[in-house]
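All residue numbers refer to positions in the sequence shown, counting from 1.
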Amino acid sequence: MSTPDEEYDKLSKEEKEAKDNADRAREQAEQAALPYTWSQELGEVDVIVPVPKGTRARDLAVVLQKKKLSVGLKGQEPVMSGELCKEIKVDDSTWTVQDSQAVHVHLEKLNNQQWWENVLTHHPKIDTKKIEPSNSKLSDLDGETRGIVEKMMFDNQQKQMGKPTSDELKKMEALKKFQAAHPELDFSKAKIS
């Protein structure tokens with residue numbers, strides 16, 4: 001028995017396009033039926049929950065926990081409530097009332113390298129493989145990731161110009177230091193890769 005990915009790969013270009021369009025339409029209909037709207041970046045999720053016009057913060061019952069979210073009016077059934085699909089950083093997550101008619105819940109993801117399939121586990125999922133992230137800037141990346149990306153960009157640029165990559169430059173520098181420290185050795189016939 002083959003997996004859904006294998007089945008998809010067997011489809012023609014037109015069949016794939018038709019399936020993608022049908023999946024996208026189904027997904028949009030499922031998401032439109034939710035009592036809130038949501039969007040995400042790699043490190044955060046924003047949820048907009050409509051509330052009656054004139055609602056103030058003191059009228060609301062909002063619960064933000066590591067794996068739980070609940071938003072509603074005090075004394076009433078919550079508009080949305082349940083287990084979050086992934087954990088959040090509670091101290092960095094916030095909520096505010098917008099224009100007295102919506103609650104904006106900003107959730108900071110604990111794992112900021114993973115897309116969420118849904119907000120609450122019991123709600124319909126989206127296909128995270130189809131997400132097209134907005135272009136990010138190097139300044140958005142953490143230090144370690146930024147260093148790796150900058151090194152890759154430098155190495156690619158060096159290769160395009162026919163020059164040595166950063167690793168090759170390090171090897172050449174180490175060899176020069178070794179030669180300077182050992183002038184008695186003859187490196188004229190040495191093959192160094």
- Using the ring of each side chain (for Trp, its six-membered ring), is His106 parallel, tilted or perpendicular to His104, with breaks at 30° and 60°?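 The arrangement is perpendicular - the two ring planes meet at more than 60°.
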Got [X] and [Y] here, is their nearest side-chain heavy-atom distance under 4.5 Å?
X	Y	answer
Ser81	Lys68	yes
Cys85	Thr121	yes
Thr128	Gln114	no
Lys159	Thr165	yes
Thr96	Val103	no

- Query: Going through the checks in order, is the side chain to side chain contact (heavy atoms under 4.5 Å, CB included) test met by Tyr36 and Val71?
  - Reply: CA-CA 10 Å; Tyr36 58 88; Val71 179; over 6 Å; no
- Query: Just by modelled atom types, is the Asp127 backbone N or O under 3.5 Å from a matching donor or acceptor in the Glu27 side chain?
  - Reply: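 The answer is yes, because a donor-acceptor pair under 3.5 Å joins these two groups.
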- Hey, is the main chain of Gly147 close enough, under 3.5 Å, to the side chain of Glu150 for a donor-acceptor pair?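 Side chain of Glu150 to backbone of Gly147: no pair is present.
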- Item | Which residues share a side-chain contact (heavy atoms from CB on, under 4.5 Å) with Asn112, sequence neighbours left out |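 Applying side-chain contact (heavy atoms from CB on, under 4.5 Å) to Asn112 gives none.
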- Query: What do the steps show when you test Gln113 against Thr145 for side chain to side chain contact (heavy atoms under 4.5 Å, CB included), and what is the final call?
  - Reply: CA-CA 11 Å; Gln113 298 299 313; Thr145 306; 5.6 Å; no
Nearest 0.5 Å, please: how far is [atom2] in [Y] from [atom1] in [X]?
X	Y	atom1	atom2	answer
Asp59	Gln76	CG	CD	10.0 Å
Leu69	Leu64	CG	CG	6.0 Å
Gln28	Gln31	CD	CD	9.5 Å
Asp92	Glu44	CG	CD	11.0 Å
Ser12	Lys19	OG	NZ	13.0 Å
Asn111	Lys89	CG	NZ	9.5 Å

[Y]/[X] salt bridge by N-O under 4.0 Å criterion:
X	Y	value
Asp167	Lys151	yes
Arg26	Glu30	yes
Arg24	Asp20	no

Return the minimal non-hydrogen interatomic distance between [X] and [Y], and the atom names on each side.
X	Y	answer
Pro50	Pro35	CD-O, 3.4 Å
Trp38	Trp116	CH2-O, 3.7 Å
Leu34	Pro124	CD2-CD, 3.8 Å

With clusters defined by side-chain heavy atoms of hydrophobic residues (ILVMFWY) lying less than 4.5 Å apart, directly or transitively, does [Y] cluster with [X]?
X	Y	answer
Val63	Val47	no
Ile48	Leu84	no
Met161	Phe154	no
Val62	Ile88	yes

- Going through the distances and angles, do Met80 and Val119 end up as a side chain to side chain contact (heavy atoms under 4.5 Å, CB included)? CA-CA 10 Å; Met80 67 179 295; Val119 178; 4.1 Å; yes
- With a cut-off of 6.0 Å (strictly less than), are more than 12 heavy atoms of other residues, nucleotides or ligands near NZ of Lys67?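 Yes, NZ of Lys67 has more than 12 neighbouring heavy atoms, counting only those of other groups under 6.0 Å.
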- Message: Heavy-atom count check: over 12 atoms from other residues, nucleotides or ligands less than 6.0 Å from Lys163 NZ?
- Response: no
- Task: Among Val105, Val45, Leu107, find the one that has a side chain to side chain contact (heavy atoms under 4.5 Å, CB included) with Ser93.
- Result: Leu107
- Residue pairs involving residues 97-121 (criterion salt bridge (charged side-chain N to carboxylate O under 4.0 Å, His left out); sequence neighbours excluded):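 Counting only pairs at least two positions apart or across chains, the salt bridge (charged side-chain N to carboxylate O under 4.0 Å, His left out) contacts touching residues 97-121 are Glu117-Lys125.
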- Task: Establish, from distance only, whether the side-chain atoms of Asp155 and Ser166 form a donor-acceptor pair under 3.5 Å.
- Result: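 Asp155 vs Ser166: donor-acceptor pair found between side chains.
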- Show the numbers, then the answer: is there a side chain to side chain contact (heavy atoms under 4.5 Å, CB included) between Leu42 and Trp115? CA-CA 6 Å; Leu42 208 44; Trp115 295 109; 3.5 Å; yes
